[in-house]
Amino acid sequence: MSAITLGAVRPRFRPRRISPARWGLYAFILITALYFLLPLYVMIVTSLKPMAEIRQGHLLALPASPSLAAWVKAWTSACTGLTCEGIRTGFFNSLRILLPSVVISIVVGSLTGYALSLWRVRGANILFGAMMIVAFIPYQVFIYPLVRVFSFTGLGQSLATIVTIHTIFGLPTMTLLFRNYFASLPVELFKAARIDGAGFYQIYARIMMPMATPMIVVAVILQTTGIWNDFILGLVFAGRDNLPMTVQLNNIVNSTQGERAYNVDMAATLLTALLPLVIYFGSGRWFVRGIAAGAVKG
Amino acid sequence: MERSNVDITKLQIGFGGLKVLENLDLHVDASEFLVLLGPSGCGKSTLLNAIAGLIEVKGGQIRIGDRDVTWAEPKDRGIAMVFQSYALYPRMSVRKNLSFGLKVARTPQDEIDSRVGEAAKMLRLTELLDRRPSELSGGQRQRVAIGRALVRHAGVYLFDEPLSNLDAQLRAELRVEIKRLHARLGATMIYVTHDQIEALTLADRIAVMQGGVIQQLDTPKKIYREPANRFVASFVGSPAMNFLRGRILRDGAPVFIAGDVRFDLNGYAFRIPPSDAPAILGIRPEHIEIVGSEHPSAVTARVEMVEPMGADALIWCRLADGTAFSFRADADAKAGAGDSLALRFPAEAFSLFDDQSGQRL
Amino acid sequence: MRLSLTSRLSVLSALLPALMVMLVVYIGATSWTAWMSLTNSRMLPNNNFVGFRQYQLLFSNDRWLTSVHNIVVYGVLFVSLALLIGFLLAVAIDQRVRAEDTIRSIYLYPYSMSFVVTGLVWQWLLNPTLGVQYVLRSWGFAGASFDWIVRPETAIYCLVIAGVWQASGLVMAIMLAGLRGIDDEIWKAARVDGLPKWRVYISIIIPMMGASFATAAVLLSTAVVRLYDLSVSMTNGGPGIASEVPAKFVMDHLFERANIGLATAAATTMLVTVIAVVAPYLYWRARKGEVR
């Protein structure tokens with residue numbers, strides 16, 4: 001535009017103008033970005049408003065007098081069906097489920113991937129292929145038999161059960177992740193370690209795992225968000241005393257009698273989303289790498 | 001230090017239905033430097049890996065130091081190995097890389113220290129002991145990999161194309177270093193390469209392999225001078241040996257006829273008595289000489305192209321019937337495309353091969 | 001390499017969990033579920049073989065038929081919209097835009113959140129009295145109507161909106177990786193040929209991105225079959241049974257309606273569907289791997 005109005009002065013070089021296509025591009029990016037950000041924004045502002053302000057209906061307006069009251073209530077005293085202890089019990093339950101599940105599933109998965117990639121085992125490809133297929137199968141097919149198996153073993157619904165379940169269902173992805181990583185290393189490294197006399201577990205613990213740090217980071221991110229966000233497995237296997245945060249959240253929001261406290265609901269929702277969000281924004285490209293590596297998980 | 005001989009009899013290796021080695025026999029003397037030379041896919045690395053115990057054999061026997069190790073674990077064979085990609089443990093310092101195998105074998109600490117110190121000194125690694133492999137240059141990494149083999153005090157040292165990942169200059173340096181090491185330790189070494197210069201410079205004996213079969217097992221000099229068949233003749237030597245197609249004629253003394261050109265075979269050491277039959281004459285470029293046109297056995301050829309190579313020049317010529325060949329001449333030789341030259345092909349430098357089997361005659 | 005006994009035992013011990021999982025969970029549980037679907041088990045499993053009776057009941061069950069209808073509608077819309085939007089987002093980002101990392105983070109963050117959170121947020125946004133509808137009206141669009149979530153005919157579309165919001169970023173990430181993997185010289189060649197950019201995308205780039213599209217489509221499809229949390233948290237299958245989905249049908253009949261026979265018949269039907277989709281894809285990927 002300016003080049004035309006200032007027509008008298010001809011620039012010697014082509015002016016650096018932003019073309020209409022470029023404007024369109026940035027407009028597209030802006031609008032889509034707003035669509036993606038809108039729910040997060042609404043969650044935050046709603047959680048900071050008192051109910052009176054929400055009832056007036058300005059969904060998008062910033063809170064007139066921001067208050068953390070809803071957050072406190074969501075954390076300490078929101079009702080999940082029968083009890084009114086807030087979502088914190090769910091938070092700590094999720095944490096208790098998360099830590100052992102992440103550690104155990106990564107240890108088991110990496111060991112399986114290591115054995116399947118570097119040690120020529122008869123039937124390794126069949127085992128691996130079968131694991132890849134079941135990674136796609138809906139949980140509904142396994143759930144009821146597993147409930148029976150766990151009640152038969154006496155574990156029933158418990159922390160141990162849900163940790164085992166997360167290990168089982170994390171196994172295909174974790175195996176894939178580590179198998180592919182170890183298979184990409186030069187096989188001579190493995191040969192050298194064999195000549196040095198190191199055994200199966202020595203090579204795993206002293207050569208391979210120290211090299212696999214990037215994969216471990218990816219695995220931790222993948223498993224942490226996956227297990228934290230799980231709903232159905234926690235609901236079925238954790239037992240009443242260990243219900244994870246997602247289940248408690250759904251109970252708080254969807255079992256309220258009378259008028260819904262939207263600000264508390266949104267505060268509880270944000271609290272539940274907090275850990276994955278922190279991991280996501282904190283880990284940057286690692287998260288994307290995890291998606292690419294665990295792409296079969298779905 | 002122990003020096004083991006290696007005896008391989010009727011070795012068979014296959015993957016699935018594919019036979020890689022069949023009934024291979026090889027004997028390596030204690031303290032010998034044996035090079036396995038061949039193009040990729042010839043089975044040389046497979047053979048080395050079998051000696052190391054890193055791949056399963058289908059049949060036959062491998063003996064190291066007069067002990068049957070066919071089914072032994074790699075660590076129990078009294079071997080050490082150096083790999084092409086160095087295969088250093090990336091998360092360990094140089095010192096830990098060198099000592100890892102000894103630690104696994106529960107060697108006493110002072111013994112470990114003295115062996116690591118000795119190897120580091122020998123390979124000029126003392127300054128680098130606390131570095132990580134990623135902080136080393138390619139040449140330094142390969143010296144560490146050699147060091148890791150040395151500390152094992154093995155009876156046999158195996159090298160799997162150890163210099164292939166290095167640039168030309170480093171390769172030459174490390175080649176000398178390995179040769180010096182062999183002279184100093186007097187250890188048995190088996191060395192796999194596809195580089196004929198490495199093979200010719202390092203080896204006591206070379207085993208030239210092709211298609212899973214040892215084509216010729218001999219000293220470098222014999223391999224170069226008297227190749228046992230056409231494959232060995234063409235694989236060893238650079239620029240490559242010239243081959244002229246023709247036939248042997250027993251016209252009194254045997255002669256070789258290629259087109260209209262006659263080559264006197266007087267002076268060639270036949271392995272089997274010559275007979276009238278199609279054959280191939282091989283001669284290395286450096287054995288052809290320019291002579292005066294009055295020379296009795298001069299052959300005339302037309303120059304096509306001159307490739308200056310620094311110290312000398314490679315001159316590409318054609319005979320009257322169109323057969324192409326090249327020869328090495330003085331860098332100052334006055335020859336240009338289109339010139340006619342009188343050349344002498346000395347019979348004592350010939351290699352004659354059977355047209356059908358390719359075997360030396 | 002022939003392994004010594006200790007090595008063999010070590011390998012076996014390491015693979016024991018995987019073998020156990022394979023036998024007990026995958027093979028055992030799957031065949032047990034399939035067997036149960038052929039019995040008349042109600043609250044407790046029994047072994048009274050009734051042939052395909054449960055499947056007959058299943059496919060004359062209104063709730064199941066609604067669930068299947070819903071999942072088809074959801075599946076088609078969700079997969080195609082997520083692919084389209086994800087691809088467009090990836091193309092937009094691939095134009096060397098400023099603040100690329102920030103924009104990418106914005107597109108992808110919903111994927112880090114659970115379906116429960118996603119469902120609850122959108123439930124609130126689509127709330128007809130105080131949500132987006134109210135905002136539109138307060139902006140002057142008096143007749144604006146966006147009450148899909150409380151109307152049975154449209155409730156399933158609300159799940160699509162939320163699902164697409166959550167998953168488009170994933171598609172974007174996969175597509176962007178695909179676009180970045182395309183040789184720069186292709187672009188140079190197209191510029192020398194004078195092709196307009198959109199033309200290059202349609203005629204050259206998209207055909208080259210078959211693998212990215214296949215991967216994304218398979219991921220999205222398996223997410224469709226598994227759809228459960230979103231339906232539970234956003235509409236709880238309602239209004240009425242308007243947004244029921246197969247996974248929810250199975251769960252409800254297993255744990256609330258005590259009809260194991262029918263539930264396992266539904267689960268087995270899901271299993272067969274998934275295998276029909278995934279097996280060709282895995283086969284294709286394995287074949288491609290061999291060629292490479």
Side-chain angles (χ1 to χ4, degrees), chain A residues 25 28-29 32-33 36-37 39 42-43 46 54 57 59-60 108 111-112 115 119-121 127 130-134 136-138 140-142 144-146 149 168 171 175 199-201 225 229 231-232 246 249-250 253-254 262 265-266 269 272-273 276-277 279-281 287-288 291-292 295 298, chain C residues 6-7 10-11 14-15 17-18 21-22 24-26 28-30 32-33 89 92 95 97 103 105-107 109-110 112-117 120-122 124-125 130-131 134-135 165 170 173 177 215 219 222-223 225-226 228-229 232-233 236 247 250-251 254 260 264 267 270-271 274 278 282:
Chain A
L25 173 69
F28 174 75
I29 287 177
T32 46
F36 281 96
L37 282 174
V42 168
M43 260 196 284
T46 306
I54 292 172
L59 183 72
L60 301 180
V108 175
L111 204 52
T112 311
W119 294 78
R120 262 193 233 155
V121 188
L127 183 64
M131 285 169 82
M132 286 310 100
I133 290 176
V134 296
F136 289 101
I137 295 178
Q140 281 73 21
V141 177
F142 311 121
Y144 194 71
L146 286 178
V149 168
I168 288 174
L171 190 58
T175 302
F200 181 87
Y201 285 101
T225 48
N229 287 341
F231 175 78
I232 187 171
T246 47
L249 171 69
N250 190 51
V253 177
N254 282 332
Y262 294 112
D265 290 356
M266 286 302 113
T269 309
T272 310
L277 282 177
I279 289 182
Y280 172 67
F281 285 109
F287 187 86
V288 179
I291 288 178
Chain C
T6 24
S7 298
S10 306
V11 175
L15 286 179
V21 166
M22 210 58 225
V24 175
V25 182
Y26 297 144
T30 310
W32 197 81
T33 296
L89 296 178
Q95 306 305 310
V97 294
I103 296 168
S105 303
I106 290 172
Y107 289 159
Y109 88 91
S112 73
M113 304 209 278
S114 65
F115 280 116
V116 176
V117 166
L120 294 176
V121 175
W122 282 95
W124 167 229
L125 280 168
L130 295 170
Y134 183 94
V135 173
W165 176 79
L170 168 71
T215 305
L219 285 188
T222 52
V225 185
R226 285 181 173 183
Y228 172 73
D229 315 12
V232 168
S233 62
N236 202 18
V250 176
M251 297 299 285
L254 280 179
I260 292 172
T264 48
M270 291 171 72
L271 172 69
V274 170
V278 167
L282 285 180

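In the text below, chain A, chain B and the rest are named by the order of the sequence lines, each starting its count at 1. Computed from a prediction, not measured in an experiment: that's the story for all the values here.
- Interface check for chain C: of the options A:Pro39, A:Ala273, A:Ala115, the most heavy-atom pairs under 4.5 Å are formed by A:Pro39.
- Looking only at side-chain heavy atoms (C-beta outward), C:Asp229 and C:Ser114 stay at 4.5 Å or farther from each other.
- The choice from C:Val232, C:Thr264, C:Val97 that makes the most heavy-atom pairs within less than 4.5 Å of chain A is C:Val97.
- Residues A:Thr46 and A:Ile54 form a side-chain contact, since some pair of their non-hydrogen atoms from C-beta on lies under 4.5 Å apart.
- For A:Tyr201, the part lying under 4.5 angstrom from a heavy atom of chain C is the side chain only.
- Options C:Val250, C:Val24, C:Val225 differ in how many heavy-atom pairs under 4.5 Å they form with chain A, and the most are formed by C:Val250.
- Looking at A:Tyr262, the atoms closer than 4.5 Å to chain C (heavy atoms on both sides) all sit in the side chain, from C-beta outward.
- Per-residue heavy-atom pair counts under 4.5 Å with chain C were compared for A:Leu171, A:Ile232, A:Leu249, and the maximum is reached by A:Ile232.
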Determine, stepwise, if the pair A:Val253 / C:Ser233 fulfils side-chain contact (heavy atoms from CB on, under 4.5 Å).
CA-CA 8 Å; A:Val253 177; C:Ser233 62; over 6 Å; no

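- Residues C:Tyr109 and A:Phe281 come closest through the heavy atom pair CB-CZ, 3.7 Å.
- Both the backbone and the side chain of A:Val141 have a heavy atom closer than 4.5 Å to some heavy atom of chain C.
- The most heavy-atom pairs under 4.5 Å with chain C, out of A:Ile279, A:Val149, A:Leu111, A:Thr225, come from A:Leu111.
- Partners of C:Trp122 under the side chain to side chain donor-acceptor pair (under 3.5 Å) rule, at least two apart in sequence or in another chain, do not exist in this structure.
- The CG atom of C:Leu271 lies 13.5 Å from the CZ atom of A:Phe136; values are rounded to the nearest 0.5 Å.
- For a residue to count as touching a neighbouring chain, one of its non-hydrogen atoms must lie under 4.5 Å from one of that chain's; by this rule C:Ile103 touches chain A with the side chain only.
- Ranking C:Ile106, C:Val274, C:Thr6, C:Val21 against chain A, the residue ahead of the rest is C:Ile106, based on heavy-atom pairs under 4.5 Å.
- The candidate from C:Gly28, C:Ala177, C:Pro17, C:Ser105 with the greatest count of non-hydrogen atom pairs under 4.5 Å with chain A is C:Ser105.
- The contact between C:Met113 and chain A is made by backbone and side chain atoms together, counting heavy-atom distances below 4.5 Å.
- Ranked by heavy-atom pairs shorter than 4.5 Å toward chain C, the options A:Ile29, A:Leu127, A:Leu60 are led by A:Ile29.
- Taken from CE in C:Met22 to OG1 in A:Thr112, the straight-line distance is 12.0 Å, to the nearest 0.5 Å.
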Dump the intermediate steps for ring pair (Phe, Tyr, Trp, His ring centres under 6.0 Å) on C:Phe115 and C:Tyr228, then the final yes or no.
CA-CA 9 Å; C:Phe115 280 116; C:Tyr228 172 73; over 10 Å; no

Evaluate the criterion side-chain hydrogen bond (donor to acceptor under 3.5 Å, both in side chains) for residue pair C:Thr33 and A:Tyr144; output intermediate values, then yes/no.
CA-CA 8 Å; C:Thr33 296; A:Tyr144 194 71; over 6 Å; no

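- For chain C, the nearby part of A:Leu25 is the side chain; its heavy atoms alone come within less than 4.5 Å.
- In this structure, the portion of A:Leu146 lying under 4.5 Å from any heavy atom of chain C is its side chain and not its backbone.
- Residues A:Trp119 and C:Ser7 come closest through the heavy atom pair CZ3-CB, 4.1 Å.
- Both the backbone and the side chain of A:Ile137 come within less than 4.5 Å of a heavy atom of chain C.
- For A:Thr175, no part sits under 4.5 Å from any heavy atom of chain C, backbone or side chain.
- Here the closest non-hydrogen pair linking C:Ala267 and A:Gln140 is CB-O, 3.9 Å.
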